[in-house]
K.L.:
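Can you read through this structure? Questions will come right after.
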2 protein chains.
Amino acid sequence: MHTDPTGPATTLLERLRAKITRGDLEPGSPLSEVSLAHEFDVSRTPIREVLKQLQLEGLIEIRPKVGTFIREPTRREIVEMFQLKEVLEGLAAALMARRGPCHQLDVLEDNVAASEVTSQAGDTDTYASQVQGFHQTLVDGADNNKLVEQYGRLMNQLSFYTLVRKTLDHPGRAVNSSREHRQVLTMIQNKDPFGAETTMRSHVFASTQELLVPRTRTTLSIDREP
Amino acid sequence: MHTDPTGPATTLLERLRAKITRGDLEPGSPLSEVSLAHEFDVSRTPIREVLKQLQLEGLIEIRPKVGTFIREPTRREIVEMFQLKEVLEGLAAALMARRGPCHQLDVLEDNVAASEVTSQAGDTDTYASQVQGFHQTLVDGADNNKLVEQYGRLMNQLSFYTLVRKTLDHPGRAVNSSREHRQVLTMIQNKDPFGAETTMRSHVFASTQELLVPRTRTTLSIDREP
DNA sequence: AGATCGTATGTTGCATGCATGTCCGGGTCA
DNA sequence: TGACCCGGACATGCATGCAACATACGATCT
């Protein structure tokens, strides 16, 4: 019954947040304090504290005296968040270019090299996680903890993991994406902050378009091929 | 005794946040739950919920089983936050330029015109509030609520209001700042998102430099005059 | 039959009490 | 004199109980 696979060291906030961002629950589902309390084997008090924080993060909505519900971002909010994502990741690329060699740069090089192979092979699952790794490594490599925090919040709200998969189903997107990753990496290696930022923003914008402009049939995507 | 000037409609979170960002308390001051509960005439439970949220916002630090303290951002964190401020306000300028005429644009025009007069007159107090208004109006005018939220959090953490005043004490900064505001406004009026973003970021960067590079004597600032 | 009102139930909001951990100070011993 | 140990005061952490409100459902009246 009330058990979850997260380790015992993780805090209650992280566990509940994970439960929500994991996507197990439908948007709009009610989150009863008592049932959560029972599930996590604590009383309602710490649950309430956590829920208030998750509301501040934008993951849930607390209707006073009524109940707590999983929040469903409107389409408009999603667009807004992707605009933020673009500039935040752009900043990350610029900062990383300015910073020069570091551990994350090595990781990034390996990541890009590996994802080039994966994208050609058409292994969507693996490539999806590599994309995740690319963006996260980039943000981490910016050496700006506040950026990491804000970015993390944004990604949680976007439930990004669930969205990425859809994009990559578009034919040709993976190889395009991989090529753009390589371009960004080159700019960073060249210590060109402006170029890295611009290229990264273009990349994020392109990926966003793939997500936000769904096509009725996948064959329509050929108009984006060279 | 335990009364504060904030209206009765404001939530407890906002009241406590205001109490902290107001700057009444020294960084590092302890915030006892019981004293806060008594001050706001509630029990410890809602106070605890609010404190947890303020910790998430980065305004306070809760040392488990020890106490809660007003957080003092490190210099590094301040630099990090200003980097974020730069791209966020840059995004705001770009979005507002793309958006075209709107209520906030009118406000911005009035603001810039008024602050040009004020800066020449040397009325630092008034100009400080006008600067505040310029930046806030710009962010509001971007028509991106997520941006407004993130920006608001950032400004709270920066205790920006307390910092701005210092900058403006630098001779000549006010007129320079005013001129830069005018440039940004012009770019927005010209519907030039890229130009608006670039100009805005330069402006924010310049202001930041004024803040982060304190001089031992104010007379040293003459080397920045034309 | 349809609308309305009262009640039953489930939820959150908050106050309180107890358990637990931390920190500081005095007393003791070497 | 110095280090060490121990106990009390105070803080948080959490469980629980009660009150208040919102919602849904069913009986009742027209």
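The model shown is predicted, which means the values in this text are computed figures rather than measured ones. Chain letters run A, B, ... following the sequence lines, proteins first, then strands; residues in each count from 1.
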K.L.:
Any ion pair linking Asp143(A) and Arg76(B) (charged N to carboxylate O, less than 4.0 Å)?
P.N.:
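Salt bridge present between Arg76(B) and Asp143(A).
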
K.L.:
Give a yes or no on whether a salt bridge exists between Glu197(A) and Arg201(B), defined as a side-chain N under 4.0 angstrom from a carboxylate O.
P.N.:
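A salt bridge is present here (some side-chain N lies under 4.0 Å from a carboxylate O).
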
K.L.:
Within residues 47-73 of chain B, which residues have any heavy atom lying less than 4.0 Å from an atom of DNA chain C?
P.N.:
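Only Lys65(B), Val66(B) qualify.
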
K.L.:
Should the pair Glu57(A)-Arg71(A) be classified as a salt bridge under the 4.0 Å nitrogen-to-oxygen rule?
P.N.:
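Salt bridge flag = no for Arg71(A) with Glu57(A).
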
K.L.:
I need the CZ-C1' distance between Phe40(A) and dA15(D), as an integer number of Å.
P.N.:
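So the CZ-C1' distance, Phe40(A) to dA15(D), works out to 18 Å.
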
K.L.:
Determine whether any donor atom in the side chain of Thr45(B) lies under 3.5 Å from an acceptor atom in the base of dA15(C), or the reverse, and answer yes or no.
P.N.:
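Side chain to base: pair present.
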
K.L.:
Expressed in angstrom and rounded to an integer, what is the separation of Leu31(A) atom CG from dT12(C) atom C1'?
P.N.:
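Leu31(A) atom CG is separated from dT12(C) atom C1' by 14 Å.
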
K.L.:
Closer than 4.0 Å, any side-chain N/O of Ser43(A) to the OP1 or OP2 of dA15(D)?
P.N.:
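It does, given that an N or O in the side chain of Ser43(A) lies less than 4.0 Å from OP1 or OP2 of dA15(D).
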
K.L.:
Indicate whether the side chain of Ser207(A) and that of Arg173(A) have a donor and an acceptor atom separated by less than 3.5 Å.
P.N.:
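Result is yes, a qualifying pair exists.
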
K.L.:
List for me each residue that meets salt bridge (Lys or Arg N to Asp or Glu O under 4.0 Å) alongside Asp140(A), sequence neighbours excluded, and say none if there are none.
P.N.:
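For Asp140(A), no residue satisfies salt bridge (Lys or Arg N to Asp or Glu O under 4.0 Å) once neighbours in sequence are set aside.
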
K.L.:
Could you tell me the separation between the NE2 atom of His38(B) and the P atom of dA15(C), rounded to a whole number of Å?
P.N.:
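After rounding, the reported distance stands at 13 Å.
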
K.L.:
Expressed in angstrom and rounded to an integer, what is the separation of Glu33(B) atom CD from dC14(C) atom P?
P.N.:
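It works out to 15 Å between those atoms.
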
K.L.:
What is the distance from CZ of Arg44(B) to C1' of dT16(D), rounded to the nearest Å?
P.N.:
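From Arg44(B) CZ to dT16(D) C1': 14 Å.
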
K.L.:
Measuring from atom CD of Glu49(A) to atom CD of Gln55(B), what distance do you get when rounded to the nearest 0.5 angstrom?
P.N.:
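One gets 10.5 Å once the value is rounded to the nearest 0.5 Å.
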
K.L.:
Starting at atom CG of Asp41(B), determine the distance to atom P of dT16(C), rounded to an integer number of angstrom.
P.N.:
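Asp41(B) atom CG is separated from dT16(C) atom P by 11 Å.
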
